[in-house]
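Notes follow once the structure below has been shown.
Chain naming here is simple, since letters A, B, ... match the order of the sequence lines and numbering starts at 1 in each.
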Amino acid sequence: MSNHAHEEEKDTFAGERLLVALGNLLRTVKIHDDNNTQTLESVANFARCVVAACGEEQEKATLHISSDRFYLGEEKLLHHRNVVNLLDYLLAYFAERELPGLSFHQEISQAPAQEVIDFARLLNAVGSLDTDRLSALKARLGNLGVIWAEIFEPAEGGKALEETRATVAEDAEKEAGLNLRARKNYSYAMAGLHDLAMKLAEGQRPGVGKLVRVMQNMVNILTEDETVLLGLSSLRIYDDYTYSHSVNVAMLSMCLGKSIGLSRRALEKLGLAAIFHDLGKLDIPKKIITKADKLTDSEYNLIKSHTLHSVRQIIMLRASQKRKSQILLPPFEHHMKFDHSGYPSSPRRSLSLFGRIIAIADVYDAITSPRVYRQSLLSPDRALVYMKKKEGTDFDPILLKIFLKMLGLYPVGTLVKLDTGEIAIVSSAPLAGSDDCRPGVVLLERDYEGRFMKTGRASLAERDEQTGAYLRSVVRTYHPAEFNIQPAQFLF
Amino acid sequence: MGYASPPSAEEVTSVREVVASFLKAQKKYALYPQNHPSAQKNEQDVYRLVDNFLRRHKVLRFDIEKDRLLYRDIPVYEAQPDSENFAFILFRDGLLWLQFEEGLTAAETGKFIAILSENLILHEEAEGDIVTALWEENLSHISYDAAEVFFEDVSLLDFSALNSPYEGQADGAALAGYEGGSQAGSDSLSALPASLDRNELLLLTPEEHKILAEQVLEAEKDFQPYAILDVLLLILIKQDTPKDFNTVLNFLKEESRALLAKGKYAIIARLISTIRNLGKTAAVKKPWYVASIDPFILEISEREYLSVLKPFFLNLRGHDPENLRELEEFLRVLHPRAIEALGDFLPITDVPQVIEMLLEAITSLARQDVRQVAVLLANEDERIVIRGLQVLAAVPGKTTEDMVTGFLNHSSPRVRRQALRCLMGKNTDKKKLFSLIDDPDATVRDQVLAHVASERDVDMEILLLDYLQKNNTWSGAEDSSHLVECYRALGKCGSKRSLPFLKEMLFKKSWLDFFIRGESESHTAAALALSNLDLDEASALLQKGASSLQAATRKACNKVLGVTSK
């Protein structure tokens with residue numbers, strides 16, 4: 001019985017192994033040459049996984065997407081928690097190529113390695129085409145003469161529709177639960193940071209356990225749906241700016257970290273480094289931090305010293321040497337700027353990846369937050385323009401690109417006026433593969449007392465079925481604070 | 001959680017056995033290190049029981065309450081009044097349920113037991129707990145759910161109650177006509193000039209993908225060697241109070257230790273030199289630097305701190321010259337206190353170049369404070385003592401001499417020989433060296449005589465003459481060969497002063513001459529000495545002796561002169 005159970009276990013995760021092997025193959029051919037050992041190993045592994053997924057009775061294994069989920073044949077693809085990042089990556093990958101799915105035949109085991117490599121390179125290359133990616137893929141696949149792979153053509157209507165309805169209901173319930181968890185963890189993060197800061201101010205040495213727990217929870221939420229944290233990061237708590245800013249920066253940093261493929265453990269470290277990035281401000285008198293007028297030179301120098309103080313405060317925490325070593329560098333670096341023209345000055349070396357990520361998240365959150373000392377207020381979309389102009393000087397250009405793509409041209413939390421006259425808040429980034437100007441929105445209306453209320457959701461990517469024209473488009477953007485709107489109130 | 005049907009008695013019994021095995025394993029871990037055979041055996045027992053259960057039932061899920069564990073609503077563990085409450089350990093950190101799944105490996109079981117043991121006690125300012133540890137390990141076949149018990153008092157933020165700084169300033173009704181916002185397409189990314197390709201804006205090139213992939217790979221590594229040392233040094237210099245300075249310095253100390261364990265010797269050597277210089281140059285402005293830096297240098301030179309280098313010496317098979325050079329560079333910047341730790345490493349490596357490096361480093365430190373070598377000399381291991389003496393041989397000074405002299409009487413002849421060698425190069429009282437001429441060990445005696453014979457020396461000549469005059473009994477074979485060597489040495493170190501004595505010995509009448517017309521050792525020895533004196537008078541004596549009527553004299557002289565005696 002145990003052998004049979006093991007056999008079942010093998011079948012259950014054959015789809016996961018096939019996807020992992022495919023993901024590995026696609027990434028490996030991007031980095032390595034054709035005759036590199038790693039390339040050849042990834043080819044061999046992929047072929048093995050195809051054969052295993054086919055099993056003894058099937059001549060092919062089909063991976064396809066339905067309702068934002070992978071299927072192997074007719075069954076939902078079961079997977080372990082630790083491959084969620086990869087699944088998201090491949091979902092976006094397939095969507096970018098307008099690819100509903102791929103079928104792989106057992107004949108792959110006879111195919112030359114170079115043919116498999118060419119196939120992988122072809123899939124990668126198609127992603128950079130402007131239009132008609134699917135047609136281009138079909139054509140090039142035909143030219144390649146591959147007999148062991150074909151593009152999956154989905155069936156229409158029927159059972160798929162019924163499943164979609166059930167999935168939608170399931171997803172809505174899941175979203176509500178996820179939103180609540182996210183809200184709770186935001187509250188926990190604020191409370192945990194307050195508690196820690198108070199203890200540091202009293203000369204104690206607080207532990208980091210509670211905040212580690214919160215960061216881990218946030219990574220879990222991020223893994224399930226990153227837009228939740230993006231939405232939450234639009235929260236502005238003006239009476240408690242320093243702490244809410246730190247929590248926002250942590251969330252934005254983790255989102256960016258996830259976008260570049262950091263592991264869950266790395267995301268946890270990144271989140272912790274980010275939430276502590278301004279810990280040094282505890283050493284700066286509050287009247288200077290909140291001073292509305294121009295700072296004197298000495299006051300400015302004092303402000304600048306907070307990066308050094310942050311490191312010292314982190315050293316004071318009750319945590320292992322290893323953990324503190326992992327998180328103290330980014331707080332030191334986050335104002336140095338990509339070209340080292342910032343502060344503090346230090347021997348020239350590249351900034352750490354985490355430092356560069358936090359720098360982007362920090363500035364974005366700061367310039368979209370109304371402050372008494374700042375006259376201008378940038379809406380999220382204008383903030384991105386401002387930051388784009390400083391790529392290569394203030395910000396790592398590669399990371400900034402990914403940040404822009406992650407947030408979309410109208411980031412979550414932007415207040416928009418639509419060409420229909422409606423007012424809305426951007427609630428989610430555009431779906432992978434769709435137009436960057438077409439995010440999801442929450443529609444607002446004023447009630448009889450003049451207060452805003454949520455009236456529904458919409459996607460700006462929706463088109464009129466007959467004319468094909470977009471149903472709604474953005475005509476103007478605002479910062480929500482100008483109209484006393486707290487976006488998170490409507491997003492959660 | 002409601003279950004369709006209750007489990008069988010056999011099932012419940014199996015689960016209780018599993019729980020009991022967990023308890024036992026956790027207790028063993030508290031007593032023994034994880035790799036101890038006793039702990040490992042228990043771990044294997046746990047795995048066997050859990051695995052057997054999972055093969056039959058696929059899943060083993062515990063629902064966790066404060067004082068008990070439930071399996072499918074049946075209590076399978078209940079805390080007893082006078083013993084440790086195992087359920088509470090899990091409950092305390094918020095675990096609601098814990099589930100083991102088919103496919104669980106022995107390694108995962110071991111990790112889980114380790115997590116339990118390491119988190120038995122939750123300190124008030126802990127770094128983590130069972131839940132955070134389980135998350136970090138991400139064990140594929142162990143799942144769980146946990147409540148946020150540490151935040152039970154925290155209320156959910158009411159987003160609607162959060163104020164805006166512009167409250168009251170803007171009329172929301174004017175939103176429709178408000179000109180303050182940005183017109184879409186006027187100042188947003190979507191309105192960027194056509195010359196700027198949107199793909200360029202948002203999509204990475206293959207080269208950028210590659211750069212990013214490499215950076216992510218680098219960031220994923222747990223250990224990033226140099227990155228924070230520069231920063232910590234900068235932070236250190238900026239500290240204005242002794243307390244803060246020490247805080248950062250202590251952190252640097254531990255960080256350096258981690259780097260040493262990874263073999264980054266050159267970096268740490270430079271760091272220590274920099275800190276040391278800080279103590280010298282900045283002490284005027286911040287006199288308390290010295291009070292902090294000196295103990296720091298001392299601590300990193302202690303045995304316990306440097307024990308992190310032990311694996312390097314233990315596992316050494318070949319050696320990398322560059323690596324060895326960097327290690328020596330590091331060892332040389334330490335306080336001489338480090339000699340004790342370095343002495344520990346000497347017997348655990350047999351690579352000649354490594355031993356040589358260690359000795360050079362120790363010698364360099366000994367030149368700063370030779371008294372620290374005493375710790376090597378006090379070692380029970382004779383090999384360490386000898387190494388210590390070897391080091392002292394290269395360190396001049398009265399103190400060194402005093403330290404070594406005592407070892408001339410050591411119980412081990414090897415040690416005595418080494419002490420002798422050490423003192424030979426110094427201006428030691430020759431009597432002390434000469435005192436070993438009667439050493440019970442032949443090799444020691446030979447060494448003394450070799451030293452005596454190495455050059456003409458009045459003091460040694462007088463000592464030797466005196467000795468020979470007092471020890472002139474040619475009774476046993478061993479004694480006589482020693483005496484012969486003494487005479488030979490006399491010839492090498494002596495002068496005209498020795499002539500009368502040697503003449504007397506050469507021409508001495510032996511009563512045996514009447515009975516045995518053969519060679520006499522004493523006469524031969526005297527002749528040898530005369531020959532080595534290299535004096536005309538000595539040669540004349542030998543010539544005279546060669547024609548002596550006394551057979552012993554004649555034979556001895558002819559032997560030495562190389563003539564066959566009749």
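Heavy-atom distances place the side chain of B/I211, and not its backbone, under 4.5 Å from chain A. At a 4.5 Å heavy-atom cutoff, the contact between A/I260 and chain B is made by backbone and side-chain atoms alike. Contact of A/M406 with chain B is not made at all, since no heavy-atom distance falls under 4.5 Å. Using a 4.5 Å cut-off between heavy atoms, A/S310 makes no contact with chain B at all. With a 4.5 Å cut-off on non-hydrogen atoms, A/R356 touches chain B through its side chain but not through its backbone.
In this structure, A/L329 and A/S352 approach most closely via the heavy-atom pair CD2-CB, 4.0 Å.
No donor-acceptor pair under 3.5 Å is formed between the side chain of A/R382 and the backbone N or O of A/T477.
Here B/E148 is the residue among B/H123, B/E148, B/K210, B/E214 with the most heavy-atom pairs under 4.5 Å with chain A. Ranked by heavy-atom pairs shorter than 4.5 Å toward chain A, the options B/L122, B/L156, B/D129 are led by B/L156. If you tally non-hydrogen atom pairs under 4.5 Å between each of A/V214, A/L262, A/D396, A/I398 and chain B, the highest count goes to A/I398. When the candidates B/N250, B/L232, B/L234, B/V131 are compared by the number of heavy-atom contacts under 4.5 Å with chain A, B/V131 comes out ahead. Between chain A and the options B/G128, B/A126, B/S155, B/A213, the largest number of non-hydrogen pairs under 4.5 Å is found for B/A126.
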Can B/T274 and B/L233 be said to form a side chain to side chain contact (heavy atoms under 4.5 Å, CB included), step by step?
CA-CA 9 Å; B/T274 304; B/L233 207 48; 3.8 Å; yes
ring-ring contact (aromatic ring centres under 6.0 Å, His included) for A/F490 and A/F452? Distances and angles first, verdict last.
CA-CA 9 Å; A/F490 299 100; A/F452 285 99; 7.2 Å; no
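A salt bridge links A/E268 with A/R323: at least one charged nitrogen is closer than 4.0 Å to a carboxylate oxygen. For B/R56 and B/E10, the salt-bridge test passes: some basic side-chain N is under 4.0 Å from an acidic carboxylate O.
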